[in-house]
Student: 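Handing you this structure, nothing more for now.
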Amino acid sequence: MRAERLLSLALLLRNRGRMTAPAIARELEVSVRTVLRDVEALSAAGIPVYSERGRDGGFTLLPGFTTDLTGLTVDETVALLAAATSTAPTSLGMAPAFAAAMRKVTVGLPDTQRAAAARVSERVLVTVSGWLTETRTDRFLGTVQRAVFDDRRLRIRYQPRGRDAGWRTIDPLGLVSAAGRWYLVATHRGSLRTYRLSRMIDVHVLDIESVRPPDFDLAAAWDERRARFRDELVTVTATVRVHDTRLDELVATTISTRDVRPDGDGWSRVDVEFGGARHAGAVMWQLDDDAEILAPTEMRDAVRDRARRLADRHG
């Protein structure tokens with residue numbers, strides 16, 4: 001709520017010029033004391049707000065200062081408005097504030113960028129919801145979010161894949177939404193770790209300030225963790241025959257794809273990289289009879305055996 005109000009104050013001063021504290025208070029529907037605190041917060045954030053005394057005095061932005069809003073390119077505007085259509089603000093409980101802030105950003109754009117923004121909002125929707133399922137919200141997302149924002153340590157009971165659940169105390173650093181799943185990047189005993197929120201069994205926020213490494217870069221940390229995971233993964237290369245209508249789906253669900261070649265009658269042969277037999281089975285099951293593993297024989301046999309076990313279970 002306060003972030004939205006600070007943005008409103010900055011835009012108000014940019015558009016109106018010099019304004020007294022009572023005038024700002026009336027415009028934003030807050031008290032004069034709140035205006036003074038917000039002016040101080042803007043100054044601390046690097047927005048050059050200063051006051052002038054006298055009959056015609058008031059608060060104003062430093063002459064010559066402009067926000068980055070008018071410097072947005074059309075592509076940057078498109079990216080910004082596309083982000084506004086994603087499910088992240090909703091799942092984080094920020095949808096109303098995010099929508100209000102985006103309206104204010106759009107108002108501050110030049111005509112050409114505003115037109116691009118309108119086109120994007122009408123034509124682009126980023127969502128993980130399908131026809132039958134709704135967007136999943138992880139049980140502890142709100143709790144973890146508060147700890148990240150408030151710099152509080154967490155005590156979590158976590159269930160790693162293939163291992164017993166256990167308790168650990170961690171310093172949360174940032175949240176990442178990837179492929180419809182939420183992950184927490186944190187440090188545990190000084191080492192960087194990644195935790196999937198859906199694997200958290202219990203979460204408690206501790207009244208202890210978390211330790212944050214200086215100059216921590218969440219995007220860089222996520223890329224490094226993801227690259228390390230892929231490097232440590234035992235991958236298998238396979239040749240898959242796939243119907244051309246499902247080729248894009250195959251490409252999107254495998255680690256890598258190379259050497260796509262036609263195989264006649266609307267089919268293609270593709271060399272792909274799977275993260276093991278389990279991954280291959282999941283992908284092939286999703287593609288149904290529109291795809292077939294041709295080689296290696298061991299992976300083809302593993303997928304066939306899995307199908308037989310499922311058929312026997314339902315026989």
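Values in this document were obtained by computation on a predicted structure and should not be read as measured data.
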Student: Quick check: are there more than 12 heavy atoms from other residues, nucleotides or ligands sitting under 6.0 Å from CZ of Arg155?
Tutor: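 Enclosed.
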Student: Determine the minimum heavy-atom distance between Gln159 and Asp164, stating which atoms define it.
Tutor: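 What the structure gives for the nearest pair is NE2-C, 3.8 Å.
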Student: Indicate yes or no: at least one non-hydrogen side-chain atom of Gln145 is less than 4.5 angstrom from one of Val148.
Tutor: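 A side-chain contact under 4.5 Å is absent here.
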Student: So does Asp265 have more than 12 non-hydrogen atoms from other groups sitting under 6.0 Å from CG?
Tutor: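 Result for CG/Asp265: open.
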Student: How about Val242 and Glu249: do any of their side-chain heavy atoms sit closer than 4.5 Å?
Tutor: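 Not touching, per the 4.5 Å side-chain cut-off.
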Student: Would Asp301 and Arg304 satisfy salt bridge (Lys or Arg N to Asp or Glu O under 4.0 Å), going step by step from the backbone distance to the final call?
Tutor: CA-CA 5 Å; Asp301 291 344; Arg304 184 183 62 246; 2.9 Å; yes
Student: Give a yes or no on this: more than 12 heavy atoms of other residues, nucleotides or ligands lie within 6.0 Å of atom CD of Glu209.
Tutor: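 It does not: Glu209 CD has 12 such atoms or fewer within range.
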Student: Evaluate side chain to side chain contact (heavy atoms under 4.5 Å, CB included) for Thr257 paired with Leu247, printing each intermediate quantity in order.
Tutor: CA-CA 10 Å; Thr257 307; Leu247 179 58; 5.7 Å; no
Student: Hey, does the side chain of Asp217 reach the backbone of Ala219 with a donor-acceptor pair shorter than 3.5 angstrom?
Tutor: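 Yes, because the side chain of Asp217 sits within donor-acceptor range (under 3.5 Å) of the backbone of Ala219.
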Student: How long is the straight-line distance from CZ of Phe140 back to CZ of Arg146, given to the nearest 0.5 Å?
Tutor: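 Output value for this atom pair is 11.5 Å.
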Student: Could you walk me through whether Leu36 and Phe59 satisfy the side chain to side chain contact (heavy atoms under 4.5 Å, CB included) test, starting with their C-alpha distance in whole Å, then the side-chain angles of each, then the deciding distance to 0.1 Å, before giving a yes or no?
Tutor: CA-CA 10 Å; Leu36 297 178; Phe59 294 102; 3.7 Å; yes
Student: Side-chain contact test, heavy atoms from C-beta onward, threshold under 4.5 Å: evaluate it for Ile170 versus Arg193 and give yes or no.
Tutor: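 No, side chains not in contact.
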Student: Just so I know, are the side chains of Arg161 and Arg199 near enough to count as touching, which here means a heavy-atom distance under 4.5 Å?
Tutor: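 Answer yes - side chains close enough.
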Student: Less than 4.5 Å apart, any side-chain heavy atom of Leu173 and any of Pro213?
Tutor: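 Leu173 vs Pro213: side chains touch.
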Student: If we only count heavy atoms from C-beta on, is the Arg261 to Asp271 side-chain gap below 4.5 Å?
Tutor: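 Of all side-chain heavy-atom pairs linking Asp271 with Arg261, at least one is under 4.5 Å.
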Student: Evaluate whether atom CZ of Arg212 has more than 12 neighbouring non-hydrogen atoms of other residues, nucleotides or ligands under 6.0 angstrom away.
Tutor: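 Count over threshold, so yes.
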Student: Test Thr254 against Glu273 for side chain to side chain contact (heavy atoms under 4.5 Å, CB included), laying out the working first.
Tutor: CA-CA 6 Å; Thr254 55; Glu273 192 175 15; over 6 Å; no
Student: Got a donor-acceptor contact below 3.5 angstrom from the Asp202 side chain to the Arg157 backbone?
Tutor: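 Such a contact is absent between Asp202 side chain and Arg157 backbone.
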Student: Just so I know, are the side chains of Leu218 and Val176 near enough to count as touching, which here means a heavy-atom distance under 4.5 Å?
Tutor: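 The answer is yes; the side chains approach within 4.5 Å.
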Student: Side chain of Arg306, backbone of Gly281: donor and acceptor closer than 3.5 Å?
Tutor: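 Yes; at least one donor-acceptor contact below 3.5 Å.
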Student: If the test is side-chain contact (heavy atoms from CB on, under 4.5 Å), which one of Leu154, Leu184, Thr143 qualifies with Met200?
Tutor: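 So the option named by the test is Leu184.
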Student: So do the side chains of Leu175 and Leu197 get within less than 4.5 Å of each other, counting heavy atoms only?
Tutor: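 Yes, close enough: below the 4.5 Å cut-off.
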Student: Is a side-chain donor or acceptor of Tyr195 paired with a backbone partner of Pro160 at a separation under 3.5 angstrom?
Tutor: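 Flag not set: sc Tyr195 to bb Pro160 has no pair under 3.5 Å.
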Student: Assess whether atom CZ of Arg163 is packed by more than 12 heavy atoms of other residues, nucleotides or ligands within 6.0 Å.
Tutor: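 12 or below, so no.
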Student: Using 0.5 Å steps for rounding, measure from the NE2 atom of His243 to the OG atom of Ser268.
Tutor: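 Going from the NE2 atom of His243 to the OG atom of Ser268 covers 9.5 Å.
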Student: What's the shortest heavy-atom distance between Asp263 and Arg269, and which atoms?
Tutor: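 Closest pair (atom of Asp263, atom of Arg269, distance): OD1-NE, 3.2 Å.
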Student: Rounded to the nearest 0.5 Å, how far apart are CD of Glu29 and OG1 of Thr34?
Tutor: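 Between Glu29 CD and Thr34 OG1, I get 12.5 Å after rounding to 0.5 Å.
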Student: Hey, is the main chain of Leu192 close enough, under 3.5 Å, to the side chain of Arg225 for a donor-acceptor pair?
Tutor: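 Indeed, once roles are kept as given, a pair shorter than 3.5 Å links the two residues.
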Student: Compute whether any side-chain donor of one residue and acceptor of the other, for Arg258 and Thr237, lie under 3.5 angstrom apart.
Tutor: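 Side chains of Arg258 and Thr237: pair found under 3.5 Å.
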Student: So how far is it from Met284 CE to Asp290 CG, rounded to the nearest 0.5 Å?
Tutor: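 Reported to 0.5 Å precision, the distance equals 9.5 Å.
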Student: What is the ring orientation for Phe274 with His279, classed by angle as parallel under 30°, tilted 30 to 60°, or perpendicular over 60°?
Tutor: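 Ring orientation of Phe274 relative to His279: perpendicular.
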Student: For the CG atom of Leu206 and the CZ atom of Arg152, what is their distance to the nearest 0.5 Å?
Tutor: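 Leu206 atom CG to Arg152 atom CZ measures 9.5 Å (nearest 0.5 Å).
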Student: His314 and Leu310: which non-hydrogen atoms are nearest, and at how many Å?
Tutor: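 That closest heavy-atom pairing would be ND1-O, 2.9 Å.
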Student: Quick one: CZ on Arg300 to OG1 on Thr239, what's the gap to the nearest 0.5 Å?
Tutor: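 Between Arg300 CZ and Thr239 OG1, I get 11.5 Å after rounding to 0.5 Å.
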Student: Looking only at heavy atoms, what is the nearest atom pair of Arg153 and Asp171, with distance?
Tutor: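 Heavy atoms only, the tightest pair is NE-OD1, 2.7 Å.
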Student: Can you see which heavy atom on Pro172 is nearest to which on Ser210, and at what distance?
Tutor: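 Result for this residue pair: CD-CB, 4.1 Å.
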Student: For Asp244 versus Trp267, what's the shortest heavy-atom pair and its separation?
Tutor: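 Heavy atoms of Asp244 and Trp267 come nearest at OD1-C, 3.4 Å.
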Student: Determine, step by step, whether Glu27 and Leu12 satisfy the side chain to side chain contact (heavy atoms under 4.5 Å, CB included) criterion, reporting the C-alpha distance in whole Å, the side-chain angles of both residues, the deciding distance to 0.1 Å, and the verdict.
Tutor: CA-CA 9 Å; Glu27 187 74 23; Leu12 191 63; 3.6 Å; yes
